[in-house]
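Order of the sequence lines sets the chain letters (A, B, ...), proteins ahead of strands, with each chain counted from 1. The model shown is predicted, which means the values in this text are computed figures rather than measured ones.
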Number of protein chains: 2
Amino acid sequence: MPNINLKRLSEELGLSISSVSKALRDSYEISAETKKRVLAMAEKLNYQPNPFASSLRRKKSITIAVVIPEIANNFFALAIDGIQMVAQEKGYHVLTYLTHESFQNEESTIKHLQGGRVDGVLISLCRDTDSTKHLTSLHETGIPLVFFDRVPETMECPTVTTDDYESGFKATEHLIKAGCKKIACLSLSSLLSITHKRVHGYQDALKKYNMKEDPKLIIECTNNNQSNLEVIKKLLAKKDRPDGIFATVEKLAISTYYVCNEMKLKIPQQLKVISFSNLRTASLLNPSLSTITQPAFEIGKESASLLFRMIEKKTFGNRIDKIVLKSSLIERNSSR
Amino acid sequence: MPNINLKRLSEELGLSISSVSKALRDSYEISAETKKRVLAMAEKLNYQPNPFASSLRRKKSITIAVVIPEIANNFFALAIDGIQMVAQEKGYHVLTYLTHESFQNEESTIKHLQGGRVDGVLISLCRDTDSTKHLTSLHETGIPLVFFDRVPETMECPTVTTDDYESGFKATEHLIKAGCKKIACLSLSSLLSITHKRVHGYQDALKKYNMKEDPKLIIECTNNNQSNLEVIKKLLAKKDRPDGIFATVEKLAISTYYVCNEMKLKIPQQLKVISFSNLRTASLLNPSLSTITQPAFEIGKESASLLFRMIEKKTFGNRIDKIVLKSSLIERNSSR
DNA sequence: CTGTTAGCGCTTTCAT
DNA sequence: ATGAAAGCGCTAACAG
């Protein structure tokens, strides 16, 4: 902890503590002359205000929290980048919490945040979240809360998402047009808004092209990578294996690549794969991969901007913003 | 901010504030009976302590800061994952700051942290850092500081790094053994410990195999992606272009892939590339890529563990830890 | 324009 | 075993 505080500064300057405080906050009550002296002395002694004293008194922390399932994930890393950019502009600090897809972690994190440690919370739900009690409880304490990407489906709240349904539809359509007759869909969890909607788009695309939907082809994966690999392997080992795969999240696409690699299945000749992915180098490393790329950085920026509007009460009364951004479909020569 | 505090709790229970406080901290001065009552009431009213009051009083924040150049970067994302894991175990909060490779940002961030907002700092320097004044200043306030990966070379301090010199040596040797006659080296900045050491390894490998070192083949890149692309393009457009490239950081490898893609240069037939990379899927997407992979997650864990040892004063007096982990060289069929 | 004063909510002696 | 009281460092009325 720093040992040089307002008291010390004021003694050094022969001023009262409050005058020094006001000078430092550039109050109109203080003469330009004094301000200069104070600033100079603060600089000289390398004065750094104690943030806790200030937060305690002013009842604001100049800090926001970001709660996400994981960080070693291109989407979330980019989103955080966008969030940090906005936060930095506003002079806010950013606390990051990882839930590792565990509802328990999410719950306890949110509970801790009710202590007033932050002025606002950005959150992307974990795959197991099936209750919103902790979230409404946080909301009730008056702390602004914005959901991004993985949002609750049964709660009125501000959200920033992408066009999941449309993207799922288009991705599937892409595979159909590329000649696929049997398309599997890898989903994370039916509880999750994103996969739920993406799968719905998949189903409707099949319907549109009069392809019958086979429930066994919609595979709900777990949070265990090993078991996901096995399930995918089993799927692709079948004689009548699918000729197309729609992976609703990047991680499952990577698992698919891995299995194909192991089984010597050629993409796209033997299996066409399309996935949500923010692996920006994927098509550089393998030019035949089609992806749906979310504007992750923009999602981060939009979410943070919305949150700050709420913190600064610049958003009206009980208006609830729902921002939807567009993903981009990057089609490669998978039809070749 | 929460409205339910110790005062309210104590009124509800008919106890004094201090007794309630002690009960919640499980003090031996309080009877088991009372503790139970207090805990129950705290639970019932969903009491969350005000972290600022506590921090102000106890002069500790239960928070650490992580200062890194960027987050949309596989190495740093994984490192943060490791850091968060340890921090979470210890019940600490994690503040993240991005410098975006700007020395100014780094300086002002470090300066802010002198206010006592955190109990310790983990930092990986930005490419332009050429002074350690801000760092020694932070150190002098008594806040424990651990450097990881990008560490200062002119300052006695605890560090967690990988075997950069050896890896650079081996990577270059790999290219030489694969038949390369003219090997270029893409460096980020000579100010940076990691690239400095990696380039040194490159130079010594050339020496060992009696290949003359051409200073024009050691290319110091900038923080501007566009201009890096142009430099690489120019390098590869030459009639006597190199037949091997050693990229000291992942970003430059990706730029290289990109240029090769554009110029229709085949990797590895026409150009062998090896790079530091934590793009775990690289070889999945293109099986001919060789990489040096750093144990990023472990680096994060080790750094955080070391920091906590320092915070808890479990590390002796003026002992300075220097932890070096090993990278792994993943050799692919680039010699074919 | 400057100073005095009363807390913010919590921890921690020190009494009882 | 419990309570009274001081104070962490800062801000914001309110006086002067």
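Checking C:dT2, C:dG9, D:dC10 against the side-chain heavy atoms of A:Ile30 singles out C:dT2 as nearest. Listed nucleotides: C:dC10, D:dA15, C:dT13. Nearest to the side chain of B:Asn5: C:dC10. Each of D:dC8, D:dC10, C:dC10 was ranked by its minimum atom distance to the side chain of B:Lys59; first place goes to D:dC8. Across D:dG9, D:dT2, C:dT12, the shortest atom-to-atom separation from the side chain of A:Asn50 is found for D:dG9. The A:Ser31 side chain lies nearest to C:dT2 when the options are C:dT2, D:dC10, D:dA12. In this structure, the nucleotide among D:dT2, C:dC10, D:dG9 sitting nearest to the side chain of B:Ser54 is C:dC10.
A distance of 10.5 Å separates CD in A:Gln84 from CZ in A:Phe297, rounded to the nearest 0.5 Å.
A ring pair (Phe, Tyr, Trp, His ring centres under 6.0 Å) check over residues 102-130 of chain B, counting only residues at least two apart or in different chains, returns the pairs B:Phe103-B:His134.
The nearest whole Å value for the distance from the CG atom in A:Leu24 to the P atom in D:dA12 is 13 Å. Rounded to a whole Å, the CG atom of B:Leu56 is 9 Å from the P atom of D:dC10. Spacing between atom CZ of A:Arg37 and atom C1' of C:dC1 amounts to 13 Å, rounded to whole angstrom units. Atom NZ of B:Lys60 is separated from atom P of C:dT12 by 11 Å (rounded to the nearest Å). Counting to the nearest Å, the P atom of D:dA5 and the NZ atom of B:Lys7 are 15 Å from each other. Summarising the geometry, the separation between CD on B:Gln48 and P on C:dC10 is reported as 11 Å, rounded to the nearest angstrom. For A:Arg58 and C:dG9, the CZ to P distance is 16 Å, given to the nearest whole Å. Whole-Å rounding puts the B:Glu29 CD to C:dA15 P distance at 14 Å.
With hydrogens and angles ignored, the 3.5 Å screen pairs no side-chain donor or acceptor of A:Ser124 with any backbone N or O of A:Ile68. Using modelled atom types, one side-chain atom of A:Ser131 and one backbone atom of A:Lys133 make a donor-acceptor pair closer than 3.5 Å. Not a single donor-acceptor pair under 3.5 Å links the side chain of B:Glu106 to the backbone N or O of B:Asp128.
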Show me the side-chain donor-acceptor pairs of residues 33-40 of chain A shorter than 3.5 Å, one per line, residues at least two apart or across chains.
residue, atom, partner, partner atom, Å
A:Thr34, OG1, A:Ser31, OG, 2.7
A:Lys35, NZ, A:Asp26, OD1, 3.0
A:Lys35, NZ, A:Ser27, O, 3.0
A:Arg37, NH2, A:Leu13, O, 2.7

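When the side-chain nitrogen and oxygen atoms of B:Thr34 are compared with OP1 and OP2 of D:dT2, one or more of them lie within a distance under 4.0 Å. Close to C:dC10, at under 4.0 Å from its OP1 or OP2, lies a side-chain N or O of B:Tyr47.
A heavy-atom distance below 4.5 Å is found between the side chains of A:Asp81 and B:Leu98.
Interface residues of residues 11-23 of chain A facing DNA chain D, ordered by number: A:Ile17, A:Ser18, A:Ser21, A:Lys22; criterion, heavy-atom separation under 4.0 Å.
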